[in-house]
Amino acid sequence: MREYNPKEFEKSTYEIWENNGFFEVDYEKEKNFCIMMPPPNVTGSLHIGHALTFTLQDIIVRYKRMDGYATLWQPGTDHAGIATQNVVEKQILAEGKTKEEIGREKFLKRVWEWKEYSGGTITKQLRRLGASPAWSRERFTMDEGLQRAVRVAFKKLYDEGLIVKGNYMVNWCPKDGALSDIEVEYETHKGKLVYIKYPILDSNEYITVATTRPETYFGDTAVMVNPKDERYKHLIGKKVRLPLTKREIPIIADEYVDMEFGTGAVKVTPAHDPNDYEVGIRHNLDLIKVFDEKGILNENAGEFAGLDRLEAREAIIEKLKNEGFIEKIEEHTHQIGHCYRCKNIIEPYVSTQWFLKKETAKEAIEAANKGEVKFHPAQWKNNYDAWMRELRDWCISRQLWWGHQIPVYYCQNCGNEWASVEEPSECPKCHSKNFFQDPDVLDTWFSSALWPFSTLGWENGKWGKGIKWNEVDLKRFYPNNLLITGFDILFFWVARMMMMGVHFLKEVPFRDVYLHALVRDEHGQKMSKSKGNVIDPLEMIEKYSADIMRFTLAILAVQGRDIKLSENKMIESRNFTNKLYNAARFLKMHKEFFEDLENTEIKTELGKWMYYKFNEAVKNVRNELDEYRFNDAAMTLYRYLWNDFCDWGIELSKVSKESINELGSIFKESLKLLHPFMPFLTEFLYQELSKNQDIEKNTIMLKNFPKTRELKKPTDFDLIIEAIISIRRIKALTQSNFKKAYVLAKLPEMAKEYIKKLAKIEDIEFIKKPIENAIKDISDNLETMVSKKDIDIKPIIQRLNKQKEKMQKEILKFENKLKNKNFLEKAPQNIVEQTKKELNEAKNKLSKIEEELRKIND
RNA sequence: GGUCGCAUAGCUCAGCUGGUUAGAGUACUACCUUGACAUGGUAGGGGUCACAGGUUCGAGUCCUGUUGCGACCA
């Protein structure tokens, strides 16, 4: 047999598969199966989380493809607005320029160049992993067709009044601009709680407010207390003067104030705090901005103008302290929002942005409630529901250049504002040519939200028709059957796809959602570059193989639990592949080629037994894959192939070579069952064992996935195996090498050869009654005896005593159960009967054990 | 603070609708260099299923609480 060199074989075989179009949709098939690839960042590279998600997707896709579905795994990449723009901005900065200096058009050209240059990396890496999407249909969230889909979607929502422009408080990153609520990450922060004294007008009194952000006090437009607070009742309606300024602001009352926190009096800064913003609206307060969009303090901050907001904080505290306005400063732990991209501290900031109104999600919530989409594991539905219930308007505009520019135009002549799918040539109202487009772009997730149908041709215009998508696709592949992705983007992406899908197509975008967990290191730690515990999938693939990487991830992919990955697990999988290779080598030693199972008649007893075991494995793997229990399916394969096929099938076949032909066919069929998990090795071995070794014409990946059959269970070999184990046990226990054994069981003559060879004895006799002067090993379905004189009996007595104890406990348990009237009355009849039967069996066994002990001690 | 999840053999984990003696892999012990494989084979030891209550004829499995860990939201 040829040596197996995974690195070479995986690369060359992948090319053959791809070049022959094996990954493409076979429109001849009747049943459809569609799954979208969550588009990775176009300029990114493969990390372990990708390896997991794409492995799981590929397993399902290969399974469905083999099982006769017209299978579409839609590939593509995402333009990743902020991330990509940041990379290119840095490059330009390194050249000593800013993006403003080179201008929008030239900058975008640079980004496109960067995209062209680095865009192929991740798709190349996906190929290395063995992923089998329909590459010819690869899309990019900013390709022409998808740009059109985005503009159409925007215009529809705009015209329906669901997209609106508003001057609201948003999460503002001084570097990246406006962010949506979920793009903010909260972290516990040890800060200071500063108590500032505000002098009350026409009085010697002060009112003290506590704040974590003293630099915003220049924007205060009120001091607020709880109307029930006795301490401050007399001050309501009076005025205070802001320290270091001439500005006077009122003391107002509002139930909203927490009397317990700080001093019970709070400063109100409507321009820089979301809660104060609401208060400001309620009480008609002015909005005074203290810093600009870059976080630089403005003229309202007096002498501090020009400082960065965070630098200013210390300076302001210092000054206030010197002037006697600070009462005290306390340590204070609180949550601070950071930009998910650049980690800068987020500021609540009032600005004009575009919002998608939460009402858009109404139908999506209903659809989920009706069970039109199923979550795996099911508990994610709770999270989804909770989030959807508390949904807020989605801020969709971003102050970036890279992305889908908002298709809204403003006429400078008549002031008209309109959305347009096509680039307009004039204002539709006054026909002026003096208009401009909104400079902002859309949140990246806006285009991803359309992915399940935009890639199927929805509103793509003529672009890509017949090449990237076909007319029938929306009908055949929408709703998609399944979505597999990480739980971390449930809100970012899954929920938004639901919203858009239901809104535009009146149907949920997918029937099943499988959310997998995070991959952690072997100690359960999150992988991070700074910790140095990152496992690089590409390194692992180089070191082991794509198959081994895939199988390891699959066998660890338990629903609802994080994956702890270690190199030890990889080694276990490697040992498994070695076992498979050697099993094939054994088969090939006896026969060069094997037929596929459909052309082989299973005639021998061993063949039938093996076929039965195989069929059980097929049944289990199918069920487990249908329920997305990847770990169970992988484990079933591992156990079936190693324990059943190799340890027993192959070993037993050494007794009589007549079964090898059948075992070879069953093995080839087993490779098909394993193929989705280990596409390359199974292809290699399948070819090695086949007469026609032409992958192009005989690839395993397009063979039928094994079907389950109704089979009668052959029992002889179960007994043979039990007898072999029993004899081996006596040998191991007594460390003696006897030549003859007796087995009390009904077995055919042919069993003798198998038992003799595998248990390594010279003579075996099947008996109907126990023999004298022998010791026994009692197992579940038979008894094995060896002449007493041949062996040391002490260990046997030990085992018998142990068994006796265990049996007595058992019997007691059953008897108590059967003594219990309630049990007899309330438990189902069959359970009662079963218990009685079990009790009898246990008693039977106990008496045998006791008798045996008596005899031995005689 | 709110919501959710997890806790089973030394380690990593299965155990789906409650019903035989709670299972794997790995590690451990002993034996085996028998022509597929030492990345192997054979046999064995190892668990009061986190704790406390409850429901039930019956609980690792359902309910409540406690402790510990984790995630998400505020």
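Residue numbers start from 1 in every chain, and the chains themselves are labelled A, B, ... in the order their sequence lines are given, proteins ahead of strands.
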Taking [M] as the reference, what is the distance to [N] when you measure between their [atom1] atoms (whole Å, please)?
N	M	atom1	value
B/U8	B/U55	C1'	23 Å
B/C37	B/C62	C1'	47 Å
B/U64	B/A71	C1'	23 Å
B/U67	B/U29	C1'	36 Å
B/U33	B/A14	C1'	35 Å
B/G58	B/G18	C1'	8 Å
B/G60	B/C16	P	13 Å
B/G25	B/G44	P	13 Å

Contact under 4.0 Å: [X] side-chain N or O vs [N] OP1/OP2:
X	N	value
A/W642	B/G41	yes
A/R561	B/G70	no
A/K731	B/C32	no
A/R520	B/U12	no
A/K564	B/C13	yes
A/N582	B/U39	no
A/R629	B/G15	yes

> With side chains defined as the heavy atoms from C-beta onward, is the minimum distance between A/Y514 and A/F630 less than 4.5 Å?
Replying inline: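 A side-chain contact under 4.5 Å exists here.
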If I take atom [atom1] in residue [X] and atom [atom2] in nucleotide [N], what distance separates them, rounded to the nearest angstrom?
X	N	atom1	atom2	answer
A/D562	B/C72	CG	P	10 Å
A/D777	B/G44	CG	C1'	13 Å
A/L641	B/U39	CG	P	21 Å
A/I563	B/G70	CD1	C1'	16 Å
A/L553	B/C13	CG	C1'	15 Å
A/K757	B/U42	NZ	C1'	16 Å
A/K569	B/C11	NZ	C1'	8 Å
A/K579	B/A36	NZ	C1'	8 Å

> For the ring pair A/F9 and A/Y4, is the centre-to-centre distance below 6.0 Å?
Replying inline: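 Yes, ring centres under 6.0 Å apart.
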> Residues in salt bridge (charged side-chain N to carboxylate O under 4.0 Å, His left out) with A/R585, at least two apart?
Replying inline: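 Scan of A/R585 (salt bridge (charged side-chain N to carboxylate O under 4.0 Å, His left out), adjacent residues dropped) gives none.
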> For A/R574 and A/N631, take the nucleotide of RNA chain B holding the closest heavy atom to each; which residue's nucleotide lies nearer the 5' end?
Replying inline: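 The answer here is A/N631.
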> More 5' along RNA chain B: A/T577 or A/D632, using each one's nearest nucleotide?
Replying inline: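 Taking each residue's closest nucleotide, the earlier one in sequence belongs to A/D632.
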> Does A/K591 make a cation-pi contact with A/F594, if we ask for NZ or CZ under 6.0 Å from the ring centre and within 45° of the axis?
Replying inline: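 Flagged: A/K591 positioned over aromatic ring of A/F594.
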> Should the pair A/K668 and A/Y686 be classed as cation-pi, given the thresholds of under 6.0 Å to the six-membered ring centre and 45° from the axis?
Replying inline: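 Satisfied, under 6.0 Å and within 45°.
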Using a cut-off of 4.0 Å on non-hydrogen atoms, how would the nucleic acid contact of [X] be classed: base, sugar-phosphate, or nothing?
X	result
A/I650	base
A/K654	base
A/K760	base
A/N568	nothing

> Quick one: does A/Q379 reach the base of B/A71 with a side-chain donor-acceptor pair under 3.5 Å?
Replying inline: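 In this structure, the two groups form no donor-acceptor pair.
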> Should A/R622 and A/D626 count as an ion pair when the cut-off is N to O under 4.0 Å?
Replying inline: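 Between A/D626 and A/R622 there is no salt bridge, as every charged N stays at least 4.0 Å from the carboxylate O atoms.
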> Under 4.0 Å between a Lys/Arg side-chain N and an Asp/Glu carboxylate O for A/K740 and A/E762?
Replying inline: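 Looking at A/E762 together with A/K740, the answer is no, because their closest N to O distance does not fall below 4.0 Å.
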> What stems involve RNA chain B, if each pair must be Watson-Crick or G-U and both of its distances must be under 3.5 Å, with 3 or more such pairs in a row?
Replying inline: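 Only these stems qualify: B:1-7 with B:67-73, B:10-13 with B:23-26, B:28-32 with B:40-44, B:50-54 with B:62-66.
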Shortest side-chain distance from [X], nucleotide among [options]:
X	options	result
A/F487	B/A71, B/U42, B/G23	B/A71
A/R639	B/C73, B/G23, B/A36	B/G23
A/F491	B/G25, B/U39, B/C73	B/C73
A/R728	B/G25, B/U42, B/C73	B/U42
A/E651	B/C72, B/U26, B/A36	B/A36

>> Under the ring pair (Phe, Tyr, Trp, His ring centres under 6.0 Å) test against A/W387, which residue among A/W394, A/F491, A/W380 passes?
In response: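 Running ring pair (Phe, Tyr, Trp, His ring centres under 6.0 Å) over A/W394, A/F491, A/W380 with A/W387 returns exactly one hit, A/F491.
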Side chains of residues 642-651 of chain A: which donor-acceptor partners sit under 3.5 Å, not counting sequence neighbours?
residue	atom	partner	partner atom	Å
A/E651	OE1	A/K654	NZ	3.3
A/E651	OE2	A/K654	NZ	3.1

> Yes or no on side chain to side chain contact (heavy atoms under 4.5 Å, CB included) for A/K657 and A/H590, after CA distance, side-chain angles and deciding distance?
Replying inline: CA-CA 8 Å; A/K657 307 280 163 24; A/H590 295 91; 3.6 Å; yes
